[in-house]
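Take a look at the structure below.
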Protein chains: 2
Amino acid sequence: MAMMMQTNPSSDAHNTAYSISDLAREFGVTTRAIRFYEDEGLLRPGRSGRQRVYRTRDRVRLKLILRGKRLGFSLNEVGEIINMYDSNPGEAGQLRYFLEQIRQRRETLKQQHHDIDVTLQELDTIEAQCQDRLTTLS
Amino acid sequence: MAMMMQTNPSSDAHNTAYSISDLAREFGVTTRAIRFYEDEGLLRPGRSGRQRVYRTRDRVRLKLILRGKRLGFSLNEVGEIINMYDSNPGEAGQLRYFLEQIRQRRETLKQQHHDIDVTLQELDTIEAQCQDRLTTLS
DNA sequence: GTTTCCGTTTACGTAAACGTCAATTGAAGT
DNA sequence: ACTTCAATTGACGTTTACGTAAACGGAAAC
């Protein structure tokens, strides 16, 4: 389905259409998972009849979902995050709340960033010891 | 229990003893969780009668467990990781396998590191837009 | 026209990581 | 001795994130 879309009258060059299995293949997830994300309100693909039609916007959201997961966030948290990306808070109060959310995310991410640095250094140490013992054994 | 340990004959300055709730308080987890980690083979505290006695070694392991969790690893994965820290592989084959494990961990961590960088940049962008709109509204 | 593919919906199943509750048991203070 | 309080064991409950199976629909290939 990702191909043969030239007869679409409303195609503005950036709105390619994908089937559910197109995305499943591309990102290495099951179709079941993708439908599940929809059930959880993280995706809202269009429909052509009953078939789901994913466009660039949905593809980006899926990418964000998977990145959030890799970072250890729950789907609910991922939901909050990606809703930050395309929501448009109207009044000042909402904006401030929004900025606070961003600040918190940043804190979590920086903590993780630090955790990773520490762990990588420790891995270096362990690896060096292993290499030593390997050359000793030869 | 973390205090009043001066009458212990075998105290070599670095082997302070902690109760389960000492550690629970310090790291902000429940005692239930700590016992669960033990059930999963991630911790092996000593016993004084039936009471668990945690020492520096156990405290370090707990710290590693929690760091692993913050990085999104499952308890099983965390188990593999912290067993890397204090296991002593004897033969060359084990060492090579071991080094391969380290390499894989490093890959995962670098992926996450990159994910975080990208996300932080995107948060910067969003935050800037929000700040703009806030000043516009004033 | 009938296999052969997806794709969909509905529903139940499951593994991980604890939470919660109950019953019991020292250990410690008074 | 009595209370109190933390700790233990065991069992069942819960949430998250899907997997898996069943049963059906449409369209494309032969």
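Numbers restart at 1 for each chain; the letters A, B, ... are given by sequence-line order, proteins then strands.
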**Message:** Within the structure provided, determine whether A:Ile81 and A:Leu64 are in side-chain contact (heavy-atom separation under 4.5 Å).
**Reply:** no

**Message:** Once hydrogens and angles are ignored, does a donor-acceptor distance under 3.5 Å link the base of D:dT9 to the side chain of B:Arg35?
**Reply:** no

**Approximate separation, where rounding is to 0.5 Å, of B:Leu62 CG and B:Leu66 CG** = 4.5 Å

**Asked** Between A:Leu23 (CG) and C:dG7 (P), how many Å, whole number?
**Response** 10 Å

**Prompt:** Is it true that atom OH of B:Tyr97 has more than 12 heavy atoms of other residues, nucleotides or ligands lying nearer than 6.0 Å?
**Reply:** no

**Prompt:** Where the side chain of B:Ile20 is defined as all heavy atoms beyond and including C-beta, which of C:dC18, D:dA7, C:dG7 is the nearest nucleotide?
**Reply:** D:dA7

**Request:** Give a yes/no answer on whether the side chain of A:Arg47 brings an N or O atom under 4.0 Å of OP1 or OP2 in C:dT9.
**Result:** yes

**Request:** Starting from C1' on D:dC18, measure out to CZ on A:Arg32 and report it in whole angstrom.
**Result:** 6 Å

**Complete:** When rounded to whole Å, the CD to P distance for the pair B:Glu38 and C:dC18 reads 15 Å

**Item:** Any B:Thr31 side-chain nitrogen or oxygen under 4.0 Å from OP1 or OP2 of D:dA7
**Value:** no

**Asked** C:dA16 C1' sits how many Å from B:Asp39 CG, rounded?
**Response** 14 Å

**Prompt:** Rounded to whole angstroms, how far apart are CD on B:Glu40 and P on C:dA15?
**Reply:** 13 Å

**Item:** NZ or CZ of A:Arg61 within 45° of A:Tyr54 ring axis and under 6.0 Å
**Value:** no

**Asked** Between D:dA17 atom P and A:Leu43 atom CG, what is the distance in whole Å?
**Response** 14 Å

**Item:** Interatomic distance, B:Phe36 CZ vs D:dT9 P [rounded to whole Å]
**Value:** 15 Å

**Request:** Report yes if a donor N or O on one partner sits less than 3.5 Å from an acceptor N or O on the other, where the partners are the side chain of B:Arg52 and the base of D:dT8; otherwise report no.
**Result:** no

**Item:** Distance test, side-chain N/O of B:Tyr37 to OP1/OP2 of C:dC18, below 4.0 Å
**Value:** yes

**Request:** Look at B:Ser19 and D:dA6 and indicate whether a side-chain polar atom (N or O) is within less than 4.0 Å of OP1 or OP2.
**Result:** no

**Asked** Quick one: is D:dA17 close enough that its OP1 or OP2 comes under 4.0 Å of any side-chain N or O from A:Lys69?
**Response** no

**Request:** Assign each of A:Arg50 and B:Ser21 to its nearest nucleotide of DNA chain D by heavy atoms, then name whichever residue's nucleotide is nearer the 5' end.
**Result:** B:Ser21

**Message:** When you compare the side chains of B:Gln111 and B:Glu107, does any donor N or O come within less than 3.5 Å of an acceptor on the partner?
**Reply:** no

**Request:** Using atom OH of B:Tyr54 as one end and atom P of D:dA6 as the other, report the distance to the nearest whole Å.
**Result:** 17 Å

